[in-house]
Amino acid sequence: MELLKSEIQPLVESALGSLGVDASLVDRMLQPAREADQGDLSLPCFPFAKTLGMAPAAIAEQVKEAMNDHEAILEVNAVNGYLNIRAHPMWLAGRLLKGDVRHAQGGSRREVLIEHTSANPNGPFHVGRARNAILGDTLVRLHRLWGDSVTAEYYVDDMGKQVAVLAWALENMTTDEVEGLLAEREPASPQWANKADHQRVRWYQAAQLLRKESEKSETIEKTIGELVHASEHGDEAVLASFQDAYQPVLDGMLETLGRLGIVFDRFTKESVFVTNGDVAKLMETLGALEINGVAENGAQFLDLGQRGLKGKTEFFYRRGDGSSLYATRDIAYHQWKWTQCNELINVLGEDHKLQAQQVGLTLEELGGRRPEVMFYSFIKLPEGKMSTRRGNVVFMDDLLEEAHAHAVEVLKERRPDLDTEAMATIAEAVGTSAVRFNIISVSPEKGFTFRWEDALSFEAGSAPFIMYSHTRACSIHRKVMETDADSSEMASMPPIPEATMPDGLVQLLRMLAVHDDRLAKVVREHRPNLYAEYMLQLSTAYNSFYRDCYIIDEGKVNPFYFAVSELARTTLREGMVGLGIVPLETM
RNA sequence: GGGCGUGUAGCACAGCUGGAUAAUGCAUCGGCCUCCUAAGCCGAAGAUCGCGGGUUCGAAUCCUGCCACGCCCGCCA
């Protein structure tokens with residue numbers, strides 16, 4: 001709790017100093033208490049035991065005695081060698097209602113570029129690929145909440161073999177051929193008959209089969225190879241035909257993401273860096289580096305072993321025929337990205353770790369900076385690894401439909417008074433929010449097993465739990481506005497009563513006081529799951545407050561309680577926006 | 001074989017820049033709707049923190065060995 005710490009650290013330092021201890025350790029040792037019932041801040045006294053020749057418990061006791069009173073402190077306790085300090089709820093309430101906590105976004109408003117998703121536009125999102133988009137978008141939102149200026153960017157892979165295969169298939173195969181080849185596979189869901197991502201992926205899959213099994217595969221391979229080659233040399237006509245092939249697919253994918261509240265500010269095409277000459281210039285520069293090497297056929301690589309890379313150290317950036325590789329273009333892309341921002345974050349699957357190392361080391365070799373990378377591990381299904389080919393897959397479109405339907409069921413039970421349209425709106429918000437939350441609430445680096453029952457859980461620990469607390473606060477807001485209370489009185493800062501505060505109120509104040517600490521850590525360390533956890537705790541605290549404190553009692557509004565409720569309401573709302581949860585006002 | 005990551009209650013997951021009784025949700029058992037939305041609240045039970053060593057006043061957290069699982073090790077993208 002930095003709010004309290006900055007206020008009382010000098011007190012602790014002087015108390016400790018009076019015992020003859022170097023007080024410079026205090027800044028590091030004075031930390032949030034582990035358990036709420038211990039206090040808000042605690043100072044372990046063990047490190048001072050040796051220099052003072054005293055038992056830690058005795059030191060804590062003496063520091064406690066030497067501490068001066070302060071309005072911010074309710075009590076100081078010495079327990080088991082720890083000095084525990086509890087904030088005074090009245091002081092906390094005063095600071096909070098004055099607006100001293102809540103996204104202390106002052107400071108440096110950084111220009112942050114976050115690249116995420118960048119999935120090949122060859123088929124619909126399944127929940128595995130969507131982890132990237134959900135994590136990335138949440139990172140974007142949380143940085144914005146913190147006050148950074150953020151660009152969310154999608155890197156469009158518009159020139160690789162995958163796009164070439166798709167383009168070739170669309171031009172050379174009929175519907176009957178495609179369906180004939182895919183006869184043994186699960187048919188496309190009729191529900192998505194009008195979504196190009198679901199449709200065109202059939203062509204892609206059929207072509208993949210043809211390439212492997214058909215006796216014509218050699219000629220097909222040759223044609224596709226020529227297309228890839230042409231695209232890598234910036235052939236405008238070929239690139240245009242590629243775009244015609246993938247753009248509808250990409251649009252379909254973006255429609256799915258849009259349903260989850262995920263949008264991008266900019267799309268950058270990979271081919272740009274080939275056609276504008278950046279890649280050629282880059283390869284020239286790389287060729288002049290002292291760690292450059294040349295293979296027998298003229299292909300070129302960097303020996304990154306000399307820069308600390310372990311394992312396979314040769315990093316090829318140029319083929320024997322002089323064309324560039326994906327990684328080469330990625331480096332050119334990164335050089336450009338650095339001209340657009342002063343902080344760069346990529347969201348990548350764990351399979352890209354080596355590649356990211358290579359790109360990072362190369363950028364540093366060129367005198368630049370490496371981007372920060374948030375890696376995530378893949379989502380599995382209980383039946384094993386997700387695979388479109390084997391049909392072991394959950395499409396995001398299907399998951400969202402299911403979540404929506406489940407939410408409608410719940411609503412029919414709880415809110416039979418609602419009309420169909422209102423139900424649909426609420427169900428959509430509840431369903432999509434629950435799906436997002438299910439994925440962001442676990443650490444990115446942790447393998448994640450997708451389970452329908454978890455994704456569709458609307459109880460404690462889910463997005464709807466948070467949404468529900470928020471709607472309670474909204475409901476109170478509406479009711480208070482309806483009373484004949486003087487609205488100018490409500491707008492001004494209410495007097496804080498001297499009476500003892502109920503537990504639920506104190507808990508809520510403490511949670512609110514810790515918001516900025518948590519958001520700062522989450523943004524600094526790229527760990528959205530910690531913010532998800534905070535929102536859950538804040539909601540729980542609001543529920544306790546709601547139980548303990550009647551804001552409207554027998555028709556009269558308690559202005560202090562109402563002010564706290566309002567602060568919680570806005571913090572909840574902004575936090576929900578930060579996580580991509582829809583802040584419904586009623587549900 | 002090498003590199004990186006993960007291993008915490010029946011299940012899922014937090015805590016990992018070392019600090020006090022390992023947090024939370026699901027599932028299980030019990031209680032609370034004549035009062036601001038019960039998608040809620042209160043309580044019970046449930047953990048050799050993968051296994052072995054080491055460092056430390058103190059280790060789930062740091063070091064090390066082993067085991068299990070995942071990802072990577074293309075002149076593919």
Side-chain angles (χ1 to χ4, degrees), chain A residues 28-29 31 33-38 42-47 49-50 55-56 79-82 84 120 157 159-163 228 270 295-301 309-314 316-321 323 325-327 329-330 349-355 357 375 377-378 380 385 407 410-411 413-415 430 434 441-443 445-449 451 453-454 457-469 471-480 504 529-530 532-533 536-537 539-540 543-544 546-555 557 561-562 565 586-587:
Chain A
R28 199 163 57 83
M29 296 303 297
Q31 53 200 263
R34 193 180 170 81
E35 301 294 328
D37 58 4
Q38 289 159 352
S42 106
L43 181 80
C45 295
F46 306 93
K50 207 168 261 177
V79 192
N80 301 331
Y82 291 85
N84 292 331
N120 281 329
D157 182 1
M159 57 183 304
K161 192 166 273 182
Q162 305 207 27
V163 198
V228 172
E270 188 181 338
E296 282 180 14
N297 66 349
Q300 286 178 263
F301 61 88
L309 188 68
K310 294 173 187 164
K312 185 187 187 280
T313 61
E314 288 176 352
F316 280 89
Y317 65 87
R318 182 181 177 127
R319 291 198 186 92
D321 68 0
S323 63
L325 285 103
Y326 174 81
R329 287 167 238 138
D330 202 22
E350 60 179 340
D351 55 334
H352 282 70
K353 277 186 178 176
L354 175 59
Q355 152 108 24
Q357 272 277 36
F375 290 107
S377 123
F378 296 116
K380 302 183 292 275
K385 197 175 157 177
V410 173
L411 274 166
E413 224 172 89
R414 297 180 193 282
R415 298 292 308 276
V430 167
S441 56
V442 328
S443 302
E445 71 276 8
K446 194 99 98 183
F448 179 100
T449 304
R451 287 188 173 77
E453 52 180 306
D454 293 342
S457 160
F458 297 164
E459 295 171 31
S462 72
F465 173 83
I466 298 166
M467 298 168 81
Y468 190 74
S469 296
T471 57
R472 279 178 155 175
C474 288
S475 169
I476 283 168
H477 175 85
R478 277 193 304 274
K479 286 212 157 62
V480 170
N529 61 303
L530 296 186
E533 189 192 48
L536 247 18
Q537 290 169 345
S539 302
T540 304
N543 289 340
S544 303
Y546 182 88
R547 177 200 63 211
D548 287 353
C549 304
Y550 280 78
I551 294 143
I552 306 166
D553 207 1
E554 292 175 5
V557 178
Y561 287 173
F562 180 58
S565 179
T586 173
M587 65 187 271

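To find a chain, count down the sequence lines: A is the first, B the second, and so on, and within it residues start at 1. These values consider heavy atoms only, across backbone and side chains, with no hydrogens, waters or symmetry-generated copies.
- Comparing B/C26 with B/A9, their C1' atoms are spaced 12 Å from each other, to the whole Å.
- Computed from coordinates, the A/L530 CG to B/C13 C1' distance equals 12 Å when rounded to whole Å.
- Nucleotides B/A47 and B/G15 are separated by 14 Å at their C1' atoms, to the nearest Å.
- In this model, the phosphate group of B/G40 is not approached by any side-chain N or O of A/R414 to a distance below 4.0 Å at OP1 or OP2.
- Here the side chain of A/E270 is nearest to one of B/A77, B/U6, B/C73, namely B/A77.
- Within 4.0 Å (heavy atoms only), A/G320 reaches at least one base atom of the nucleic acid.
- We find that CD of A/E35 is positioned 8 Å from P of B/A22, with the value rounded to whole Å.
- Comparing B/A14 with B/U61, their C1' atoms sit 13 Å apart, to the nearest whole Å.
- B/U64 sits 28 Å from B/A20 when the C1' atoms are compared, rounded to a whole Å.
- Judged by distance alone with a 3.5 Å cut-off, a donor-acceptor contact links the side chain of A/Y550 to the base of B/C35.
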Verify side chain to side chain contact (heavy atoms under 4.5 Å, CB included) between A/Q355 and A/D330, making sure each step is shown before the conclusion. CA-CA 10 Å; A/Q355 152 108 24; A/D330 202 22; 3.6 Å; yes

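- Across all strands shown, A/M467 has no heavy atoms under 4.0 Å from either base or sugar-phosphate atoms.
- Residues A/K380 and A/K385 fail the side-chain proximity criterion, which asks for heavy atoms closer than 4.5 Å.
- Scanning atom types as modelled, one donor and one acceptor separated by under 3.5 angstrom connect the side chain of A/N84 and the base of B/A20.
- Within 3.5 Å, no donor on the side chain of A/S462 pairs with an acceptor on the base of B/A39, nor the reverse.
- The listed nucleotides are B/C36, B/C75, B/U6; the one nearest the side chain of A/E445 is B/U6.
- Spacing between B/C51 and B/U6 at atom C1', rounded to whole Å, works out to 16 Å.
- When each of A/R318 and A/L354 is assigned the nucleotide of RNA chain B bearing its nearest heavy atom, the one mapping closer to the 5' terminus is A/L354.
- For the pair A/R319 and B/C76, the criterion of a side-chain N or O lying under 4.0 Å from OP1 or OP2 is met.
- Here A/F458 lies in heavy-atom contact (under 4.0 Å) with a base.
- For the P atom pair drawn from B/A60 and B/G7, the interatomic distance equals 15 Å after rounding to whole Å.
- Using a 4.5 Å heavy-atom threshold, the side chains of A/V163 and A/M159 count as separate.
- When rounded to the nearest whole Å, the span between CG of A/N529 and C1' of B/U24 equals 13 Å.
- For the pair A/N120 and B/A77, the criterion of a side-chain N or O lying under 4.0 Å from OP1 or OP2 is not met.
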Evaluate A/K353 against A/F375 for side chain to side chain contact (heavy atoms under 4.5 Å, CB included), listing each step before the verdict. CA-CA 8 Å; A/K353 277 186 178 176; A/F375 290 107; 3.6 Å; yes

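- Under 3.5 Å, the side chain of A/E453 and the base of B/A27 form no donor-acceptor pair of N or O atoms.
- At the heavy-atom level, A/I552 lies under 4.0 Å from base atoms of the strands shown.
- Looking at heavy-atom distances under 4.0 Å, A/A295 makes contact with a base.
- Across all strands shown, A/Q355 has heavy atoms under 4.0 Å from base atoms, whether or not it also approaches the sugar-phosphate.
- Closest approach to the A/K312 side chain among B/C71, B/C73, B/C41 is made by B/C73 (side chain taken as heavy atoms from C-beta onward).
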Within the sub-3.5 Å range, which N or O atoms of nucleotides 54-64 of chain B have a protein N or O partner, and how far apart are they?
unit_1, atom_1, unit_2, atom_2, d
B/C57, OP1, A/K50, NZ, 3.3

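- Rounded to whole angstrom, the span from the CG atom of A/L325 across to the P atom of B/C76 amounts to 6 Å.
- A/R28 has its CZ atom 9 Å from the C1' atom of B/U17, to the nearest Å.
- Rounded to whole Å, atom C1' of B/G3 lies 13 Å from atom CD of A/E350.
- Residues A/Y561 and A/D553 form no side-chain contact, since every pair of their non-hydrogen atoms from C-beta on lies 4.5 Å or further apart.
- When the side-chain nitrogen and oxygen atoms of A/R478 are compared with OP1 and OP2 of B/C36, none of them lie within a distance under 4.0 Å.
- The side chain of A/F465 approaches B/G40 more closely than any other nucleotide in the set B/G40, B/A14, B/C4.
- Here the nucleotide nearest the side chain of A/K353, chosen from B/G15, B/A77, B/G5, is B/G5.
- Within 4.0 Å (heavy atoms only), A/S457 reaches no atom of the nucleic acid at all.
- Between A/R415 and A/T586 there is a side-chain heavy-atom pair separated by less than 4.5 Å.
- When heavy atoms are screened at a 4.0 angstrom cut-off, A/N297 is found touching base atoms of the nucleic acid.
- Residue A/D351 places no side-chain atom within donor-acceptor reach of the base of B/C72, judged by atom type and a 3.5 Å distance cut-off alone.
- Nearest heavy-atom pair, A/L536 versus A/F465, reported as atom, atom and distance to 0.1 Å: O-CE2, 3.7 Å.
- Note on A/C549: a base of the nucleic acid sits closer than 4.0 angstrom, heavy atoms only.
- Side-chain atoms of A/R478 and A/V480, non-hydrogen and from C-beta on, never get closer than 4.5 Å to each other.
- Closest approach to the A/Q38 side chain among B/C4, B/A14, B/U21 is made by B/U21 (side chain taken as heavy atoms from C-beta onward).
- Taken to the nearest 0.5 Å, the CZ atom of A/F458 stands 9.0 Å off from the CE atom of A/M467.
- Mapping A/R547 and A/S475 onto RNA chain B by nearest heavy atom places A/S475 at the nucleotide closer to the 5' end.
- The shortest distance between the side-chain N/O atoms of A/K385 and the OP1/OP2 oxygens of B/C71 is below 4.0 Å.
- The separation between A/E459 atom CD and B/A12 atom C1' is 14 Å, rounded to whole Å.
- Across all strands shown, A/T471 has heavy atoms under 4.0 Å from base atoms, whether or not it also approaches the sugar-phosphate.
- In this structure, A/E445 and A/S377 approach most closely via the heavy-atom pair O-CB, 3.6 Å.
- Residue A/F316 places its side chain closer to B/C75 than to any other of B/C75, B/C42, B/G40.
- Note on A/L411: a base of the nucleic acid sits closer than 4.0 angstrom, heavy atoms only.
- Nucleotides B/G31 and B/U21 are separated by 34 Å at their P atoms, to the nearest Å.
- A straight line from NZ of A/K446 to P of B/G25 spans 18 Å, rounded to a whole angstrom.
- No side-chain heavy atom of A/E533 sits less than 4.5 Å from a side-chain heavy atom of A/S441.
- Between A/Q162 and A/D157 the shortest side-chain heavy-atom distance does not fall below 4.5 Å.
- The side chain of A/S441 places no N or O atom within less than 4.0 Å of a non-bridging phosphate oxygen (OP1 or OP2) of B/G25.
- Heavy atoms of A/E554 sit nowhere under 4.0 angstrom from any nucleic acid atom.
- Nucleotides B/C41 and B/G3 have their P atoms positioned 48 Å apart, rounded to a whole Å.
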